[in-house]
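Residue numbers begin at 1 in each chain, while the letters A, B, ... track the order of the sequences.
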Amino acid sequence: MQTVPGPPPLPSRASAPICCLDLDTFFVSVERILDPSLVGKPVVVGAAPGQRGVVTACSYEVRALGVRSGMAIRDAVKLAPDAVYLPTRHGIYGPWARRVRAVLERHCPVVRTASIDEFFLDFRGCERLYARPEEQDGDAVIVRVVREMREAIQADVGLPASAGLGATRAVAKMASGRAKPAGVVQVRRGEERAFAAALPVRKYPGIGPKAEERLTRAGVATLGELLARRGSPGWLGEAAAMVAHGLDGPVPDLGDDRTAFHELDTAGDAEGSLSNERTFFADVARRDQVEAALLALVERVAWRARSRGVRARTVALKLRYADFDTLTRQHAVPATHDERTLWAAVRELLDKAWRRPKAVRLLGVQLSRLVAPGPQLSLPLPEARPAPGAALDAVRARFGYDAVRLGTVARRREA
DNA sequence: TCTGGGGTCCTAGGACCC
DNA sequence: TCTGGGGTCCTAGGACCC
């Protein structure tokens, strides 16, 4: 009798197929590629020392001294006076993130961009595609693939990354935090509570400073203690249920769950918002100076809207006073991206919000309820004059945003 | 000279319409 | 003369994330 070898057995289905991949100290890593002399040195990306601002990214050498992102630059300088301080160069990091995304797409069919340095991937069903004949554990297959992917990002793009794997996004995200730097951690189904029990509540995505404080007052410090409060009445019980669901709830479909995925699927009816804001180097009390700065913000945000081909149906003004008191005023408008229209609206909002005795620290302009012009709007509505925006945009498309400023902005800036 | 800048989502009250 | 709900839009503020 002869035994015919059957086909190799299929691997088991992975229990933890959702991956959170994030880039380690992303802005610092990019700056190090552009200037290799920074490798190994303590580096802080943010504002220049002496300026108003916070740490947007910092290297592990600096973290060892206690520096954290979000910290005031002032405080960082006290902890790490000898670090290299670099300004955040908005705009240069995007292309690097896109190169990373291209690598991810070679390894996984479902990739979602959560932020400039963070991605979620869904490996469900990939075990069989990727398994080698001798591999029978689906979870192990996915871990191997993610390791290879992480190494490919390092080799092809030059950026260090970490990855977490879990059955839900919350677990994957917490696992990626544990994987840093440059590691891969998987939390299999059934292991979630053991993994989370000792973690501070703040580690759970969605629990921020305010919720943490409330929980502390309720005597809850860890996720394990929070889970033990399931069934409690009111807010505490709801928070416990939310965390339980995030830990062992059903495996989510990344496409269905829009939270944290602001980037995609916005074709057509757009939505979302666009804003620009600026903190003054020194607080400003004079109305004319406030208006000059506001006009510059309107100009910039309007240009971004036109570049994206969207119009706003709501315009908002944001004012932050020297004492950090912050207010917003908004107004619904017929869909527009014309800076004269937007400026008129913003000035009315300023009239409504203006309070004389308080100096202003920050100004912001936000466009929201965005719409991409449908076919009906693209009919050539007769405009009284061609919008000045069009001519400016053409110049900027070739020479960059700062190549042209509105006369008023330029003049006021000289003053 | 504490506390950036870009976003998302949620809540809650009032206006207005049916 | 007194008193409904439900739905939607608008506005203001706040929590959270990177």
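In this structure, Arg101(A) does not pair ionically with Glu118(A), as no charged nitrogen and carboxylate oxygen lie closer than 4.0 Å. Under a 4.0 Å N-O distance rule, the pair Glu151(A)/Arg147(A) does not qualify as a salt bridge. The pair Glu61(A)-Lys41(A) does not meet the salt-bridge criterion, since no charged nitrogen lies less than 4.0 angstrom from a carboxylate oxygen. A salt bridge links Asp137(A) to Arg188(A): at least one charged side-chain nitrogen sits closer than 4.0 Å to a carboxylate oxygen.
One finds no side-chain N or O of Arg52(A) lying less than 4.0 angstrom from the OP1 or OP2 phosphate oxygen of dC2(B). OP1 or OP2 of dG5(B) sits under 4.0 Å from a side-chain N or O of Thr279(A).
In this structure, Ser275(A) and Ser69(A) both approach DNA chain B, and ranking their closest nucleotides by distance from the 5' end singles out Ser69(A). Each of Arg278(A) and Gly50(A) was assigned the nucleotide of DNA chain B with the nearest heavy atom; the assignment lying further toward the 5' end belongs to Gly50(A).
Distance CG/Asp117(A) to CG/Leu159(A): 10.5 Å, rounded to 0.5 Å.
Remark: C1' of dG4(B) and CD of Gln51(A) are 11 Å apart, rounded to the nearest angstrom. The NE2-P distance, from His90(A) to dG4(B), rounds to 13 Å in whole Å. In this structure, the CE atom of Met242(A) is 13 Å from the P atom of dC10(B), given to the nearest Å. Atom CE of Met71(A) is separated from atom C1' of dG5(B) by 19 Å (rounded to the nearest Å). Here the C1' atom of nucleotide dG6(B) and the CD atom of Glu277(A) are 7 Å apart, to the nearest Å. Regarding Ile73(A), its CD1 atom lies at a distance of 12 Å from the C1' atom of dC2(B), rounded to whole Å. Rounded to whole Å, atom P of dG4(B) lies 11 Å from atom CG of Asp283(A). For Arg300(A) and dG5(B), the CZ to P distance is 12 Å, given to the nearest whole Å.
Among the protein residues, Gly364(A) comes within range of no part of the nucleic acid, since none of its heavy atoms lies under 4.0 Å from any strand. Backbone-only contact: Asn276(A) has heavy atoms under 4.0 Å from sugar-phosphate atoms and none from a base.
Residues meeting the ring-ring contact (aromatic ring centres under 6.0 Å, His included) test with Tyr93(A), sequence neighbours left out: Phe27(A). Here Arg286(A) pairs with Asp288(A) under the side-chain hydrogen bond (donor to acceptor under 3.5 Å, both in side chains) rule; sequence neighbours left out.
Residue Asp283(A) forms a salt bridge (Lys or Arg N to Asp or Glu O under 4.0 Å) with just one option from Arg52(A), Lys358(A), Arg320(A), and that option is Arg52(A).
In this structure the side chain of Val184(A) reaches within 4.5 angstrom of the side chain of Arg150(A), judged on heavy atoms.
Here the side chain of Arg304(A) pairs a donor or acceptor atom with the backbone of Ser275(A) at under 3.5 angstrom. Judged by distance alone, the side chain of Thr56(A) and the main-chain N or O of Val45(A) form a donor-acceptor pair under 3.5 Å.
Of the residues in residues 26-34 of chain A, none has a non-hydrogen atom less than 4.0 angstrom from any atom of DNA chain B.
With both ends at atom C1', the span from dG4(B) to dC17(C) equals 14 Å, rounded to whole Å.
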| remark: A correct dot-bracket answer for DNA chain B, with pairs being Watson-Crick or G-U at under 3.5 Å, [ ] for crossing pairs and | for inter-strand pairs, is ....||||||||||||||
| query | Quick one: what's the B/S/- string for nucleotides 11-18 of chain C, heavy-atom cutoff under 4.0 Å, read 5' to 3'? | reply | BBS-SSSS
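Residue pairs meeting the side-chain hydrogen bond (donor to acceptor under 3.5 Å, both in side chains) criterion with at least one partner in residues 219-243 of chain A, sequence neighbours excluded, are absent.
Here dC2(B) is in the syn range [glycosidic angle within 90° of 0].
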